[in-house]
Structure formats: C-alpha cells, structure tokens
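Below you'll find the structure, written out as structure tokens, and then a few comments.
When reading the values below, keep in mind they use all heavy atoms of this one structure, side chains included, and skip hydrogens, waters and symmetry mates.
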Amino acid sequence: MSSVEVAVRGGGVIGLSVALAAARAGFSVSVSDHGSPHAGSRVAGGMLAPLTEAWPGEEAVVAQGVEALAMWPAFASSIGVPLFEAGTLAVGTQPGDLADLRHAGELLTSREIRALEPSLGPAVRGGVNASGDLAVDNRVLLSALRKACRDAGVSSDVDGRVTVIAAGAWSGQLHPALRGVIRPVKGEILRLTHRPGALPPPRHTIRALVSGRPVYLVPRDDGLVVGATQYEAGFDTDVSVAGVRDLLRDAETVLPGIAEYALTEAAVGFRAGSPDNVPVVRWLEPGVIAATGHHRNGLLLAPHTARLVVELLASRPATSTASSALSRAPRGTGPTPAANQDEDVGPAPQCTRLSAENGAKAAGRDAEGGSS
C-alpha cells in the first residue's frame with residue numbers, strides 16, 4: 001500500500017483511538033509511532049474521573065470529560081478492555097483539603113469514608129464518594145487498541161492524504177503551528193506490587209489532598225499505581241529522589257498499608273501540555289489535523305477526541321498531502337516558544353511498526369510506549 005486516506009502520527013491511546021475510529025468509519029488508515037518509554041499513555045494512572053481530576057479554571061475540559069466518561073463503557077466493550085467500576089474516593093487530611101473537594105460532591109465524614117475503604121489511614125478527615133468514576137489499566141488498554149487497529153486493517157508507516165498529529169508531548173516538533181503551543185509536562189509515577197502478608201489494594205481509586213499536595217493511588221490486579229508529580233522541565237527523563245520521596249510519603253499517609261508493598265517501578269512520562277490545558281483538536285491547514293494537548297486527560301478524552309477527528313475528516317475533504325512537509329517543517333516559524341521550553345526538545349522521532357510481532361511483544365511487556 002503506497003498511500004492511505006488518513007495517516008496518524010502517534011501510537012498512544014489518542015492516536016490509536018483516532019486510527020481505530022477512522023478505520024471503523026470506512027477510511028484507510030496508517031499509524032506511525034516513535035515508541036518512547038516516556039510517552040504519557042504508557043506512564044499513566046488510568047483514571048477516568050472528570051470531576052475529581054478537575055482543577056480550577058478547567059471548566060471546558062471538565063465538560064468534555066463528562067461527555068467522554070459516558071462514552072467509555074461502550075468504547076471499552078468494543079475493544080474487550082475491562083474497567084474498574086468501584087469509583088473514586090476523593091479524600092483530604094486538612095480542613096482546607098476538604099474545602100477544595102466540595103466541587104466533586106457531598107462531603108462525607110472520616111467515619112463514613114472509612115466505612116467505604118477501611119484501609120484508609122487515621123490522617124484522612126473525610127472526603128467525597130465519586131461512585132460514577134471509572135479507571136482502566138493503561139497498558140492493557142494500549143495492547144487492546146493495537147490489536148483492534150490491526151484487526152480493523154490499520155497499516156503502519158504509510159503516508160496519507162490527511163495527516164493527524166497525535167504524538168502527545170512531541171507534537172510540537174511536527175508542525176510549526178504547534179511549536180511553542182504543545183509542550184512536555186514532566187510527571188513521575190510509581191508502581192507498587194502487593195507482597196504476601198500485606199493488606200490488599202483498595203477497592204476504590206483514591207485521590208487525596210495531603211496538606212494541599214495531590215496524590216492518587218489506583219488499584220491494579222497486582223498492586224497500585226501511585227502518582228504523580230508535575231514539573232515544567234522539558235524532556236528531562238530522570239526520576240528525582242525528591243519526587244519519589246514526596247509521592248511515597250503522601251501515599252503512605254493516606255494508605256499506611258503500602259509500607260509493606262514492593263516498589264517495582266519508578267518512571268517519568270510526559271504529558272502534552274497546552275497554554276490553557278484544553279486539547280487542540282482542529283484543522284491546522286488543508287491536509288493536517290491536530291489531536292493533541294490533552295495534558296492529564298489523554299485516556300479519559302480518547303473516545304471523545306476520536307469522534308471529533310472523524311467528524312472533521314467527514315466534513316472537510318483533504319486538499320493536500322502534508323506528511324512529507326511535516327518532517328521538514330522549519331524550526332522557529334510557529335508561535336514564539338514558551339519561556340520554559342528548551343530549544344533542544346529531545347531526539348527526532350523514529351517510527352516503529354504496528355505489526356503482529358510488536359503486538360505480541362506489547363502484550364508481554366509493553367515495550368512500545370505510544371504518545372497520548
């Protein structure tokens with residue numbers, strides 16, 4: 001196949017969801033991806049929680065997230081991915097923390113919240129039961145999306161009449177209009193594995209404010225994901241001692257039983273930040289669509305973004321082939337770079353193939369990262 005109708009740049013949850021939706025809508029589709037181990041889709045908690053994840057001033061993102069959450073059960077079922085349906089407990093350790101949680105629902109007392117999750121520590125003074133929240137294992141999701149794309153006939157590394165830029169934090173390197181608009185936001189995340197004799201993982205996802213510091217604990221079949229720090233540090237891939245210390249300290253305050261768990265992974269991932277944290281999903285020029293800038297909400301907004309891109313594809317025909325121009329886009333021709341973004345934004349992406357061989361490897365160890 002020498003060309004396709006739609007070429008997606010980025011094989012993370014956003015890119016694969018877009019590719020799958022486009023293929024199911026009848027378009028011929030290709031995906032290419034650089035396979036970074038630091039891509040946001042691989043290093044993620046997997047929370048699908050628009051209200052408890054919300055930050056002040058992000059009303060537009062919350063509205064999109066609420067709509068996306070309603071799409072998730074059907075989306076997950078269509079690719080055979082199980083969801084964690086116990087909901088989220090948003091808890092706090094100080095009066096100010098509890099005041100900050102009021103937007104998420106009715107406040108429960110410490111006794112009421114502990115009745116829902118007995119393993120919560122004595123420092124927890126109350127919280128909110130967001131029973132409608134969901135969660136998903138991000139690495140299981142990536143593997144399922146790769147398989148679904150292969151089954152739908154999505155090919156690899158082929159140019160297209162329309163290029164969809166969905167390369168997460170690396171999207172700014174692929175088009176001048178995104179340079180200085182999409183930036184990497186560094187985050188550190190930990191994986192803890194349950195050991196014999198330790199308390200089992202909580203049934204709920206736990207989002208906590210510990211004296212104003214946010215931390216989350218998301219259950220997995222074999223333990224917990226704990227996250228996440230947030231830094232404006234470019235593409236710095238080092239896991240810092242301070243980041244690990246702070247996450248473990250606050251997580252143990254909320255759930256003391258994790259002290260008996262094994263720390264089995266400490267990783268850095270890059271969220272795709274935008275100036276207002278609102279995703280950029282639109283035509284950049286004839287033949288080029290952006291689907292990036294999802295920041296903390298890449299997994300949550302995946303089915304919503306995929307639907308928007310298919311609507312764009314259906315409403316406006318491509319009038320140029322832009323994929324070759326993307327790789328040669330001159331530096332400095334887009335918006336002025338943000339002050340915190342270095343000129344050196346990491347290595348140039350190298351494509352990897354969405355093949356049956358890579359899919360088998362992904363199912364075993366998820367070596368291919370994907371960009372959200």
Is there a continuous path of hydrophobic side-chain contacts, each under 4.5 Å between heavy atoms, that joins [X] to [Y]?
X: L20; Y: V81; answer: yes
X: V215; Y: L248; answer: yes
X: V136; Y: V18; answer: yes
X: V278; Y: L308; answer: no
X: M47; Y: L83; answer: no

For this session: Please step through side-chain contact (heavy atoms from CB on, under 4.5 Å) for the pair I14 and T292, ending with a clear verdict.
Result: CA-CA 8 Å; I14 292 294; T292 187; over 6 Å; no
Exercise. Do V43 and H38 pass the side-chain contact (heavy atoms from CB on, under 4.5 Å) test, and can you show the C-alpha distance, the side-chain angles, and the key distance before you say yes or no?
Worked result: CA-CA 7 Å; V43 187; H38 303 290; 5.6 Å; no
Considering all heavy atoms, the nearest [X]-[Y] contact:
X: V4; Y: S155; answer: CG1-OG, 4.0 Å
X: A44; Y: V225; answer: O-CG1, 4.1 Å
X: L284; Y: A177; answer: CD2-CB, 4.4 Å
X: L313; Y: A22; answer: CD1-CB, 4.2 Å
X: L190; Y: A266; answer: CD2-CB, 3.7 Å
X: A169; Y: F235; answer: O-CZ, 3.6 Å

Main chain of [Y], side chain of [X]: is a donor-acceptor contact present, judged purely on distance under 3.5 Å?
X: E112; Y: G126; answer: no
X: S41; Y: V13; answer: yes
X: R183; Y: E232; answer: no
X: R203; Y: G87; answer: no
X: K186; Y: D238; answer: yes
X: S77; Y: P73; answer: no
X: N138; Y: R42; answer: yes
X: E117; Y: P202; answer: no
X: R102; Y: L107; answer: no
X: Q94; Y: G212; answer: no

Side chain to side chain, [X] and [Y], heavy atoms closer than 4.5 Å:
X: S240; Y: Y231; value: yes
X: L255; Y: L224; value: yes
X: L312; Y: V162; value: no
X: V124; Y: S110; value: no
X: V128; Y: T52; value: no
X: L120; Y: I206; value: yes
X: V280; Y: R282; value: yes
X: R249; Y: R213; value: yes

I need the [X] [atom1] to [Y] [atom2] distance, nearest 0.5 Å.
X: T193; Y: D222; atom1: OG1; atom2: CG; result: 5.0 Å
X: I258; Y: L199; atom1: CD1; atom2: CG; result: 11.0 Å
X: R9; Y: S30; atom1: CZ; atom2: OG; result: 9.5 Å
X: T93; Y: D250; atom1: OG1; atom2: CG; result: 8.0 Å
X: H294; Y: L299; atom1: NE2; atom2: CG; result: 10.5 Å
X: L69; Y: L301; atom1: CG; atom2: CG; result: 10.5 Å

For this session: Give the C-alpha distance, both sets of side-chain angles, the deciding distance and a yes or no for side chain to side chain donor-acceptor pair (under 3.5 Å) between Y216 and E53.
Result: CA-CA 10 Å; Y216 61 73; E53 176 76 4; over 6 Å; no
Exercise. With a 4.0 Å cut-off, would you call R220 and E265 a salt bridge?
Worked result: no
Problem set entry | side-chain contact (heavy atoms from CB on, under 4.5 Å) between I182 and S274, worked out | CA-CA 5 Å; I182 302 302; S274 69; 4.3 Å; yes
Problem set entry | For F27, ring pair (Phe, Tyr, Trp, His ring centres under 6.0 Å) partners two or more places apart | none
Problem set entry | Pair D133, T205: side-chain N/O donor-acceptor within cut-off below 3.5 Å | no
For this session: Carefully, step by step, assess V8 and V6 under the rule side-chain contact (heavy atoms from CB on, under 4.5 Å).
Result: CA-CA 6 Å; V8 179; V6 181; 4.2 Å; yes
